[in-house]
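Heads up: the structure comes next, in structure tokens.
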2 protein chains.
Amino acid sequence: MSTVDNAPRTESPRSKRAVIIATAIDRFGEEGFEHTKWATIADDVGIGQTALYHYFESKVHCLLTIMRLELSNSVERFKAATSAADDPAAALTAAVASAYEASPRDALQRRILQNHMDLLATKRPSKKEEEERLLCRSLVQEIEHNWTGLVQKGIDDGTFRVDDALLSARMLLALVVGVWRWYRPGGEMTLEQITEVMAEAAARLVDSAEVPARA
Amino acid sequence: MSTVDNAPRTESPRSKRAVIIATAIDRFGEEGFEHTKWATIADDVGIGQTALYHYFESKVHCLLTIMRLELSNSVERFKAATSAADDPAAALTAAVASAYEASPRDALQRRILQNHMDLLATKRPSKKEEEERLLCRSLVQEIEHNWTGLVQKGIDDGTFRVDDALLSARMLLALVVGVWRWYRPGGEMTLEQITEVMAEAAARLVDSAEVPARA
DNA sequence: GAAGCAAACTGAGACGAATTCAGTTTAGAT
DNA sequence: ATCTAAACTGAATTCGTCTCAGTTTGCTTC
């Protein structure tokens with residue numbers, strides 16, 4: 001669940017990269033990316049504005065990095081969660097649950113990811129931004145691919161009664177990530193409750209023969 | 001389906017507002033809002049850059065207007081589609097179908113809406129922007145409310161076997177609008193195909209006793 | 001414990017896109 | 001022909017991002 005890792009394979013101990021990313025997640029997530037001034041983040045961290053450029057090529061580069069880390073975590077969570085499951089219905093439930101293992105900051109990070117997906121569509125001018133963008137894209141593809149694989153297994157063994165695995169995977173993803181639009185920590189529903197309800201909804205969506213066990 | 005109307009209740013015949021909006025939808029939708037230079041739109045329309053400020057207070061004001069128009073159309077489409085239906089299952093199918101009545105430009109407009117929903121979360125500095133933002137928010141609420149009402153009817157008469165009408169409505173909305181993330185005119189699936197598949201998926205999501213008739 | 005070195009950092013200013021300002025032009029009504 | 005409001009313009013301003021040309025810091029090696 002570590003939100004942070006990156007770049008120089010061995011991070012210098014006095015590096016502020018992790019702090020910057022954490023601060024940026026809070027600000028971007030709370031107030032929005034455009035609305036947040038890059039300088040504010042420098043102030044929060046306690047460094048000069050230009051010091052940020054020691055760690056990131058640009059504000060967008062920082063955003064893309066945050067998105068890439070989230071996507072990468074998402075892939076890992078999915079793998080960890082589904083590898084244990086032995087049938088497609090259980091795997092689906094586990095996959096959905098893995099999407100909602102989130103600290104408050106993780107929730108912000110996922111909201112940021114959702115809100116800026118469109119950035120991944122068009123080419124970036126600078127080297128590192130483009131690099132992160134392409135990484136993000138392939139991670140997105142990997143996620144779609146993994147979910148598609150899960151659905152396909154269910155179709156093959158007759159558990160899921162839908163036709164198109166890829167399309168169903170996209171529907172499931174839309175359903176699952178849509179939550180970050182309205183979820184707020186301390187809101188009406190806890191993540192535990194959301195997990196349960198969403199797992200059931202996901203099962204219905206793929207017309208699963210097996211409905212997940214109530215918590 | 002008219003994409004355009006607005007402001008001065010009686011639009012002057014030489015006003016270029018409609019052209020500006022149409023151009024902005026194309027550009028914002030195709031290349032992204034941040035990536036599109038305000039000046040480019042002026043060039044496309046064939047006016048000086050500053051003439052844009054005769055129509056919109058800012059670039060964001062234009063974006064918010066585009067979003068508000070789309071939300072407003074969406075409300076109308078929903079009403080028109082569902083008023084004809086006589087049972088909740090049919091209403092759901094009609095509501096889903098109404099979401100995919102879209103010209104290529106409408107598709108772009110809906111993508112823009114999805115990609116910039118986060119703008120609605122935080123206060124805007126200028127008068128007109130804030131006005132449009134609040135309009136957008138209440139339209140979003142209205143849409144959620146309308147879908148919730150539809151689901152509630154289905155729950156009440158036993159057609160839909162889910163508990164929480166609001167939550168289910170949000171799930172349906174996430175499912176339905178998620179399509180604009182990947183849909184492209186001339187892509188693998190036509191809107192007709194999407195409509196059918198989504199209507200079925202929506203029915204499953206609310207555990208509908210009645211499955212929509214195949215086209 | 002001084003020299004060397006790379007990472008971390010800084011202030012001053014350049015840059016670019018959005019926006020403001022101070023008007024001018026245009027089309028239609030009187 | 002005159003008047004008016006909408007439509008428009010070029011020049012100048014603003015503001016946030018980012019570049020540049022260095023300086024400081026802390027660790028390593030001799």
Item to check | Nearest-angstrom distance from the residue atom CD of B/Glu129 to P of C/dA18 | outcome: 13 Å
Checklist entry - Between A/Thr50 and C/dG11, is there a side-chain N or O to OP1/OP2 distance below 4.0 Å? => result no
Next on the checklist: Between C1' on D/dT9 and OH on B/Tyr55, what's the gap in Å once rounded to a whole number?
Outcome noted: 13 Å
Checklist entry - Starting at NE2 of B/His54 and ending at P of D/dT9, how long is that distance when rounded to a whole Å? => result 11 Å
Next on the checklist: I need the NZ-P distance between A/Lys128 and D/dC18, as an integer number of Å.
Outcome noted: 13 Å
Next on the checklist: Less than 3.5 Å apart, any donor N or O on the side chain of B/Asp106 or B/Ser103 sitting next to an acceptor on the other?
Outcome noted: yes
Next on the checklist: Ignoring hydrogens and geometry beyond distance, is a side-chain donor-acceptor pair present between B/Asp43 and B/Thr40 at under 3.5 Å?
Outcome noted: no
Item to check | Integer-rounded Å distance: C/dT10 P and A/Asp43 CG | outcome: 11 Å
Item to check | Nearest-nucleotide comparison on DNA chain C, the residue closer to the 5′ end among B/Ala39 and B/Pro13 | outcome: B/Ala39
Checklist entry - Taking the side chain of A/Trp38 as its heavy atoms from C-beta onward, which of C/dT19, D/dT25, D/dC18 lies nearest to it? => result D/dC18
Checklist entry - Atom NZ of B/Lys59 and atom P of D/dC15: how far apart are they, to the nearest Å? => result 18 Å
Item to check | B/Lys37 NZ - C/dA17 C1' separation (whole Å) | outcome: 8 Å
Item to check | Donor-acceptor under 3.5 Å (B/Arg137 side chain, B/Leu120 main chain) | outcome: yes
Checklist outcome for this item: Assign each of B/Arg14 and A/Gln49 the nucleotide of DNA chain D bearing its closest heavy atom; nearer the 5' end lies the nucleotide of B/Arg14
Item to check | Closest listed nucleotide, where the reference is the side chain of B/Tyr53 and the choices are D/dT9, D/dA7, C/dA18 | outcome: C/dA18
Next on the checklist: Over 60° means perpendicular and under 30° means parallel, so tell me whether B/Phe56 and B/Trp38 are parallel, tilted or perpendicular.
Outcome noted: tilted
Checklist entry - What integer distance in Å separates A/Glu57:CD from D/dC18:P? => result 9 Å
